[in-house]
Amino acid sequence: MPDSIRIGDYVHCPAASGLDATGYARIGEFELSDFLTHWDALHDDALQVLPARIHPTARIHPTAIIGEDVIIGPGVRVHEFSTVRKRSVLAAGVSVGFGCEVTHSFVGENTVLGHQVGIGHSVIGADAHLSANLVIAAISLWNHDMRAPVKEIVLHGPGDELPYRCATPRFGGLIGDHVQTGGMITLGPGIAVGRHSALAASVCMGSTVVPAASVVRSSSPEVVIETRRV
């Protein structure tokens, strides 16, 4: 497991989204855990300097719900019955399909979210295509109260390497530029997928790092049932 996960190794900085005067213009310079720690403050500062929180060229369906602290760039499309909330950013050219939920996430330029995609506390690169019925979870199942999570999200590598600590109990995924996914996929909490990777339908994985230009397919259909420790 790498000692450092630099966002710029996965995601390009936005170039055409009107974010030049904000911290998002240099998102690629951040160490992942440092960005997650300072994300709220960075976003609030961006809201103070942007001349328009929602670009006038964005097309938002009347049934969509957009939070008052959301930033939406030029040419964005948000389709029917989708919700974008809690300090999210949709960079230029993003398309959000029918019935999606985007919570506290950065979505890079020209990325497509298919129908009924749910992402939380995640950073998505440019020109990615996340197909229908994909979920990126942000909170560990092993919290006693998932409404008030305290368990830190970590990324595990193979063998006995120390995990990468995300310094937060809420983190979904770092999804690189040009990543493509099939349908019915569940990721996180805590995953980093390198640029130009492809995830086949029905993959379920989290707490790991996927190298750039990888192909991930669904593993064995075996189901293991164990007694839960409470």
Side-chain angles (χ1 to χ4, degrees), residues 1-7 9-11 31-33 35-36 97 100-108 111-143 146 149-229:
M1 178 58 59
D3 295 331
S4 172
I5 295 180
R6 181 175 169 272
I7 292 179
D9 292 335
Y10 292 78
V11 171
E31 169 71 23
L32 176 61
S33 59
F35 176 77
L36 296 174
C100 293
E101 181 173 348
V102 180
T103 301
H104 205 310
S105 294
F106 175 88
V107 184
T111 281
V112 174
L113 305 184
H115 301 323
Q116 296 179 312
V117 168
I119 60 175
H121 297 263
S122 296
V123 177
I124 315 296
D127 297 293
H129 193 287
L130 308 185
S131 295
N133 298 110
L134 176 143
V135 173
I136 304 179
I139 298 172
S140 172
L141 178 63
W142 308 118
N143 284 285
M146 295 187 70
V150 295
K151 184 174 177 59
E152 182 183 14
I153 304 300
V154 298
L155 301 181
H156 293 281
D160 298 325
E161 296 96 338
L162 292 174
Y164 179 87
R165 303 175 68 96
C166 294
T168 176
R170 298 177 186 267
F171 171 56
L174 173 59
I175 310 298
D177 303 322
H178 302 282
V179 166
Q180 295 179 308
T181 72
M184 304 296 293
I185 286 176
T186 302
L187 303 176
I191 190 168
V193 181
R195 290 185 172 107
H196 297 283
S197 291
L199 279 60
S202 302
V203 164
C204 180
M205 65 186 302
S207 189
T208 191
V209 173
V210 177
S214 295
V215 176
V216 180
R217 296 184 174 88
S218 184
S219 58
S220 167
E222 179 183 0
V223 175
V224 177
I225 300 176
E226 299 174 332
T227 300
R228 180 176 180 179
R229 296 179 180 179

For the student: nearest non-hydrogen atoms of Ser218 and Ala201, plus distance: CB-O, 4.1 Å

Looking at Val154 and Ser207, what are the two nearest heavy atoms and their distance? O-OG, 3.0 Å

Locate the shortest heavy-atom distance separating Ile7 from Leu32; write the atom from each residue and the value. CG1-CA, 4.1 Å

Interatomic distance, Leu130 atom CG to Leu187 atom CG [nearest 0.5 angstrom]: 8.5 Å

Find the distance between OG1 (Thr111) and CD1 (Ile119) and round it off to the nearest 0.5 Å. 9.0 Å

What closest approach, in Å, do Arg170 and Pro149 show between heavy atoms, and which atom pair accounts for it? NH2-CD, 3.3 Å

Any side-chain heavy-atom pair from Val11 and Asp177 closer than 4.5 angstrom? yes

Does atom NE2 (His196) have a neighbourhood of more than 12 heavy atoms from anything else shown, all under 6.0 Å? yes

Any donor-acceptor pair under 3.5 Å linking the side chain of Gln116 with the backbone of Asn133? no

Please round to the nearest 0.5 Å and tell me the distance separating atom OG of Ser33 and atom OH of Tyr164. 3.5 Å

Checking side chain to side chain contact (heavy atoms under 4.5 Å, CB included) against Ile124, which of Val193, Val179, Ile136 comes through? Ile136

Kindly say whether Thr103 contributes a backbone atom to a donor-acceptor pair with the side chain of Ser105 at under 3.5 angstrom? yes

About how many Å separate NE2 of His178 and NE2 of His129, when rounded to the nearest 0.5 Å? 14.0 Å

Within the 4.5 Å heavy-atom criterion, are Met205 and Val210 side-chain neighbours or not? yes

Lys151 side chain near Pro169 side chain, heavy-atom distance below 4.5 Å: no

Does a side-chain heavy-atom distance below 4.5 Å link Phe35 with Ile5? no

How long is the straight-line distance from NE2 of His104 back to OG of Ser122, given to the nearest 0.5 Å? 10.5 Å

Looking at Ser197 and Pro211, what are the two nearest heavy atoms and their distance? OG-O, 3.1 Å

How close do Asp9 and Arg195 get, counting heavy atoms only, and between which atoms? O-NH1, 3.1 Å

CD-OG distance between Gln180 and Ser131, expressed to the nearest 0.5 angstrom: 8.0 Å

